[in-house]
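Everything below concerns the one structure shown next.
All values derive from a computational prediction rather than experimental measurement.
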There are 2 protein chains.
Amino acid sequence: MHAIGTASRLSGVGIETIRFYERSGVIPRPARAANGRRLYTDAEIARLRFLKKCRDLGFSLAEARALRELSENAGADCAGAAALARAHRDKVRARIAELQRLDAALGELMQNCADGNAACPLLHAIANA
Amino acid sequence: MHAIGTASRLSGVGIETIRFYERSGVIPRPARAANGRRLYTDAEIARLRFLKKCRDLGFSLAEARALRELSENAGADCAGAAALARAHRDKVRARIAELQRLDAALGELMQNCADGNAACPLLHAIANA
DNA sequence: GTGCATCCTGTAGCCACCACAGGAGCAAGC
DNA sequence: GCTTGCTCCTGTGGTGGCTACAGGATGCAC
């Protein structure tokens, strides 16, 4: 059984974040020592590590929670997990495409700026597009 | 002078968003009619359109506000605007690179899932990476 | 005068945390 | 035994950029 600081260090999830996960029901309430301090088992720390990896992969907290539940159920629903991951990858790709459009638009706007014009073409373009 | 609904329609900025911009000081408080309703000049509506375009280009509200101030000052500081835009484009590109890494990682994780394995390789990979 | 659209203020919710304030406990060194 | 410094506790408020009400007042067309 480990204190919250140790759990944080071992899982990579911040102390405040662990307490936030508990408050919002993402993880169950852990055991408490006689002095009221939280105590975490190795399994609970593994759960936190799992959540951290999901968040690092860009899954929302709700998705991360769903994946954790899928992984902890006997059998580990592979199809469900793959569907979640596919949907998430599609969102990531859509966002990439959107940002690439932005990148191109910004490039165009900045292009004429390098010419040392007196009136800024960038600001003018934004104002009058 | 136009009511807020007209200003919203002409600028593309939502009514609640216009009031939010006012509350947070992004735009100055407009004139009021005798009955207390907000009245917007054409210049103020143009300002809203400018902000909208900046937001559509992915600038933060603070950056949008800075650009607006640059554009309204006499002379329209081109170098300042270009610097803001460059910094923003760099952030956009960094985000694209990050998302592309995520895309690749997700692809790898999903790869073995299609094989119809009993134990889900995706969930296993997240749990034990 | 009746209905509907529009406007007003103020507050709360979204996401995923992060940063306190103000206090309590605990272990080590002197 | 006392101080120092670390960790922990609860509770609250802030971030960004809106969005969605509640509960009321007004305006305008029929």
Worksheet item: Residues in side chain to side chain contact (heavy atoms under 4.5 Å, CB included) with Glu16(A), at least two apart?
Response: Arg19(A)

Worksheet item: Excluding sequence neighbours, so at least two apart, what forms side chain to side chain contact (heavy atoms under 4.5 Å, CB included) with Ala64(A)?
Response: Leu51(A), Cys54(A)

Fill in: Nucleic acid contacts - residues 26-41 of chain A versus DNA chain D, non-hydrogen atoms under 4.0 Å
Arg32(A), Gly36(A), Arg37(A), Arg38(A)

Item to complete: List in chain and number order the residues that pass side chain to side chain contact (heavy atoms under 4.5 Å, CB included) with Ala33(B), two or more places apart in sequence or in another chain; answer none if no residue qualifies.
Response: Asn35(B), Leu39(B)

Discussion item. Run the side-chain hydrogen bond (donor to acceptor under 3.5 Å, both in side chains) test against Arg95(A) and tell me which residues pass, sequence neighbours left out.
Written reply: Glu98(A)

Fill in: Interface limits on DNA chain D, where chain A has a heavy atom under 4.0 Å of a nucleotide atom
dT7(D) to dT10(D)

Fill in: Nearest atoms (heavy-atom pairs only) where Leu70(B) meets Ala81(B)
CD1-N, 3.5 Å

Item to complete: Quick one: list whatever passes side-chain hydrogen bond (donor to acceptor under 3.5 Å, both in side chains) with Arg68(A), sequence neighbours left out.
Response: Glu72(A)

Worksheet entry | salt bridge (Lys or Arg N to Asp or Glu O under 4.0 Å): pairs with one or both residues in residues 20-31 of chain A, sequence neighbours excluded | Glu22(A)-Arg32(A), Glu22(A)-Arg38(A)

Which pairs of donor and acceptor atoms, one on a side chain in residues 56-63 of chain A, lie under 3.5 Å apart (sequence neighbours left out)?
{"from": "Asp56(A)", "atom 1": "OD1", "to": "Lys52(A)", "atom 2": "NZ", "distance (Å)": "3.2"}
{"from": "Asp56(A)", "atom 1": "OD2", "to": "Lys52(A)", "atom 2": "NZ", "distance (Å)": "3.1"}
{"from": "Ser60(A)", "atom 1": "OG", "to": "Ala62(A)", "atom 2": "N", "distance (Å)": "3.4"}
{"from": "Ser60(A)", "atom 1": "OG", "to": "Glu63(A)", "atom 2": "N", "distance (Å)": "3.1"}
{"from": "Ser60(A)", "atom 1": "OG", "to": "Glu63(A)", "atom 2": "OE1", "distance (Å)": "3.4"}
{"from": "Glu63(A)", "atom 1": "OE1", "to": "Ser60(A)", "atom 2": "N", "distance (Å)": "2.8"}
{"from": "Glu63(A)", "atom 1": "OE2", "to": "Lys91(A)", "atom 2": "NZ", "distance (Å)": "2.9"}

Worksheet item: Taking only residues two or more places apart in sequence, or in another chain, which ones meet Arg93(B) in a salt bridge (Lys or Arg N to Asp or Glu O under 4.0 Å)?
Response: Asp103(A)

Worksheet item: Tell me, for nucleotides 12-19 of chain C in 5' to 3' order, what letter each nucleotide earns: B for a base near a protein heavy atom under 4.0 Å, S for only sugar-phosphate near one, - for neither?
Response: ----BBSB

Response to the item:
Residue set satisfying side-chain hydrogen bond (donor to acceptor under 3.5 Å, both in side chains) with His88(B), at least two apart, ordered chain then number -> none

